[in-house]
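The structure appears right after this line, and notes come after that.
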Amino acid sequence: MAKYSVENEVAVIAVDNPPMNALSHHVRKSLLKYLKEAESDEKVTSIVLCGDGRTFPVGADIKEFHKSVSKLGPTILDIVDALEKSKKPTIAAIHGNALGGGLEIALGCHYRIAMTNSKVGLPEVKLGILPGAGGTQRLPRVIGLDNAMQWIAYGGHHSAGIGASLGLIDRVVPQGGNIREHAILFAKAAVGKSLGQRRLSNISVPDAAKVESLMAKHLKEVSKKSRGALAPIVCLQVIKSSALLSYQEGLESERQGMFTLLASSQSRAQIYSFFAERQVSKWSVPGVTNYQNAVPMKVKAVGVVGLGTMGRGIAICCLRAGKITYVLEMNTKAQTAGVKYIRGYIETMRKRKQINDQQSSMMNNALIPVDNYNGLKNVDLVIEAVFESMKIKKEIFKKLEKVCKPSAILASNTSTLNIDEMASVTKRPQKVAGMHFFAPAHIMMLLENIRGEKSSPETIATIMDLGKQMRKTTVLVGNCHGFVGNRMFAYYTAESSFLLEEGAYPKQVDDVLLDYGFAMGRFQVGDLSGTDIGYKIRRERGLTHKQQPAGTPERKRGDRRYSPLDDFLYEKGRYGLKARKGWYKYEGSRTPIPDPEVRKMIDDFRKRHNINPRHISPEETLQRMIFPLVNEGFNVLDEGIAANPWDIDMIFQHGYAWPRHTGGPMYYAYTIGLPQVLKVIEERWKLAGASEPHWKPSKMLTWLVEHHGNPDINDWIKLYKERKSQPNSNL
Ligand SMILES: CC(C)(COP(=O)(O)OP(=O)(O)OC[C@H]1O[C@@H](n2cnc3c(N)ncnc32)[C@H](O)[C@@H]1OP(=O)(O)O)[C@@H](O)C(=O)NCCC(=O)NCCSC(=O)/C=C/CCCCCCCCCCCCC(=O)O
């Protein structure tokens, strides 16, 4: 709804639709009604539009998209038109955020004033759509084509100060000021002034002459940054119309663009992702506890054990979250290097104005290097981030058990190992959990939190809360080898090597993944993170080529298919980008170049094993890489390791850079249709057999297809668990 009042001849219309004042259908109706009332009231000389509560409207109601209610009038565009056409000055009074349709109605106003700490932007592209209420045509007219392309095609949020410097905001109200009072005074002063040039649809785009070169520049950038995504491209094409066509024609091109995008599976996937990101924080352990009733512990001081790549990144996350951070590294050289890195990073953040001088000195003061375990006696939570070895981790947990306060939580940053086994060496298994950060920990958005069998509700609530304080997408999962992400990803990686054995080369596989939308292919990623990482994990598990007793078949481990190609690569010293050679070679830059030496290694391997290489189609490549991962995703859901398909999708989007416009592996499977996915998996299972158990169709996937075809992704768990809980379900 909206609230209406008249103060000192100024009509004030305040949108009142908590929490974010989204422009839902009932809000739009009430806004237009009050606008008409203000327009016809002779005592009213000007009109202020604002938001009640936390914020100015943050845009259309995203829940309405793809539902019939989104088509119900009045549309946001009707409101924008009414505001612009008004004979009385209209003023948008912005506090909080004016985003999407919210900024578009502000653009319909003749003036915009904003609190200094407010944010403005047109982030629709992140939902796979475009600003469809005139934003693509009005914004370039105020801030120019170049800026508008930048704002709309990337969807960033910008400060009111930046908006003012570009002419979008007419006045910035300093902190502590009352936006409503300022707006009323501003509105009074605007009465009687000409509105002609204040109506943005009347003015022309200032840098229209540069349209072609700006298009080329931005198209190149978005194709690199959002590979495979439709919305940024359509946004740019529609903005181009603002420079070449009349306002009305531009509006028509915006409408067409919006329909194209709304009809695409990408906008559905991105809208799903928006809600999924928020859903994951509403965690629950069925029958035990959930985010609403578990109370987190207060964490003031954190300890980080190990100052390698992971430890450094984790320490930065803790410092940014305002924690006193003790970093334990017993090797003096490693400690000096680690502390230098962290302080250097703090300085970089300060120089980039991501933090101010005061925050920088607070972070520096909060960083406390220690060189023995006693240094951790005051911490509330400790995260060990040492090498992936159960033996070493158990030793560390025993030491932590002795020195840490009884109330302290002991967490491991393991990426694969059993949390319960670590907990078993302590007297506080209820205080043990996993906090799996992704490298580089201070950059990657994902935190995969693992609950042990005995982790208490308080421990779970605390690690979830800490993730939130670190501003990470924090997903709670159960304990098993590799948890959710690495357990599923193992099959993606394994299949990529099988594809090399059978006929593909690294670039061929990577190209398919790039076309799908990944920023990098599997082999490029392998080189970037270092081929030694996977090798050491396999060595820890006794799997590498060199560890096998004489006579062990090269392509088998036990009765399972195994590809030793990754081991061979490591053994040749091809550690990846850092060695300038891995799956590719690197000549003076980070550009991967196919290397004849790798090709020969693969060819020799095939010859040795009498493999007749065959052509592998892009379709087969994609299915072989993604479908076993999806199949395992269903196993993970069936076992309750992940609570919901969107938990898995968020893990892959934020931890493995899975292209957002596909929604994630589980949503992608839903888009293709579960029956089709199952068909391919069953065919492959027949072909591959018991030595490739990752192709064994998941029980849950099979049951869903048999009984429901391709049910809504929101219903998967409900349908399956209902059936599973029935006696004699055989599931
Ligand atoms: C930055 C934020 C604003 C705030 O962040 P934060 O403080 O962290 O809070 P959150 O946790 O994110 O949010 C709190 C709750 O609010 C919910 N929320 C937030 N924004 C919206 C919204 N816009 N709509 C609905 N709900 C919203 C959020 O889910 C949380 O709920 P819960 O507590 O979890 O339950 C941040 O919230 C943010 O970034 N918000 C989104 C900003 C945004 O993206 N804005 C743009 C929206 S799209 C838009 O505005 C488009 C405008 C053009 C409209 C043109 C329409 C033409 C339609 C024609 C169609 C006709 C054909 C139809 C055919 C068809 O349908 O098929």
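Both ligands and their constituent atoms are indexed starting at 1 by order of listing. No hydrogens, no waters, no symmetry mates; every other heavy atom, side chains included, goes into these values.
- Atom OG of residue Ser201 and atom CG of residue Leu107 lie 11.0 Å apart, to the nearest 0.5 angstrom.
- Side-chain contact annotation: Ser86 with Glu39, donor-acceptor N/O pair under 3.5 Å present.
- The only option from Thr260, Leu262, Leu261 that meets the side-chain contact (heavy atoms from CB on, under 4.5 Å) definition with Met258 turns out to be Leu262.
- Per-residue contacts place Gly59 under 4.0 angstrom from the following atoms of ligand 1 (heavy atoms of the residue considered): 50 (O).
- Side-chain contact, Gln256 with Glu252: a donor N or O sits under 3.5 Å from an acceptor N or O.
- Which of Gly134, Ala98, Pro123 comes nearest to atom 44 (O) of ligand 1 through a heavy atom is settled by distance: it is Pro123.
- Under 4.0 Å from ligand 1, not a single heavy atom of Gln279 appears.
- Residue contacts with ligand 1 for Arg471 are absent, since no atom lies close enough (heavy atoms, distance under 4.0 Å).
- Between Arg660 and Glu277 there is a salt bridge, since at least one side-chain N of the basic residue sits less than 4.0 Å from a carboxylate O of the acidic one.
- Taking all heavy atoms of Ile105, Leu23, Val58, Thr55 into account, the minimum distance to atom 46 (C) of ligand 1 is reached by Val58.
- Both the backbone and the side chain of Asp61 come within contact range of ligand 1, each with a heavy atom under 4.0 Å.
- Side-chain contact check for Asp465 and Thr462: no donor-acceptor pair (N or O, by modelled atom type) lies under 3.5 Å.
- When heavy-atom distances to ligand 1 are checked against a 4.0 Å cut-off, Ala60 comes that close through both its backbone and its side chain.
- Here's the thing with Gly101: one of its N/O atoms is less than 3.5 angstrom from an N/O atom of ligand 1.
- Residue contacts with ligand 1: Arg278 is placed with a nitrogen or oxygen under 3.5 Å of a nitrogen or oxygen of the ligand (distance criterion only).
- Neither the backbone nor the side chain of Lys126 has any atom closer than 4.0 Å to an atom of ligand 1 (non-hydrogen atoms only).
- Ligand 1 places these atoms under 4.0 Å from at least one heavy atom of Phe65: 48 (S), 51 (C).
- Residue-ligand proximity, Phe259 to ligand 1, at heavy-atom distances under 4.0 Å covers atoms 62 (C).
- Considering every non-hydrogen atom in both Asn710 and Pro675, the closest pair reads CB-CD, 3.9 Å.
- Note that the OG atom of Ser242 and the CD atom of Gln137 stand 5.0 Å from one another [nearest 0.5 Å].
- Proximity of Arg54 to ligand 1 is established by a heavy-atom distance of less than 4.0 Å.
- Of all atoms in ligand 1, listed by their number and element, those nearer than 4.0 Å to a heavy atom of Pro19 are 15 (C), 16 (O).
- Per-residue contacts place Gly100 under 4.0 angstrom from the following atoms of ligand 1 (heavy atoms of the residue considered): 46 (C), 50 (O).
- Nearest approach of Asn17 to Ser24, heavy atoms of both residues: ND2-OG, 2.9 Å.
- The side chain of Leu127, and not its backbone, has at least one atom closer than 4.0 Å to an atom of ligand 1 (non-hydrogen atoms only; side chain from C-beta on).
- With rounding to the nearest 0.5 Å, the separation of CG in Asn714 from OH in Tyr670 is 7.5 Å.
- Not one N or O of Asn97 is nearer than 3.5 Å to an N or O of ligand 1, by distance alone.
- By the 4.0 Å N-to-carboxylate-O rule, Lys67 lies too far from Glu64 to be salt-bridged with it.
- Evaluated by nearest non-hydrogen atom to atom 26 (N) of ligand 1, the leading choice among Lys282, Lys63, Met20, His66 is Lys63.
- Phe274 carries Arg278 over the face of its six-membered ring, with the cationic atom under 6.0 Å from the centre and within 45° of the normal.
- The closest approach between Glu104 and ligand 1 falls below 4.0 Å for a heavy atom of the residue.
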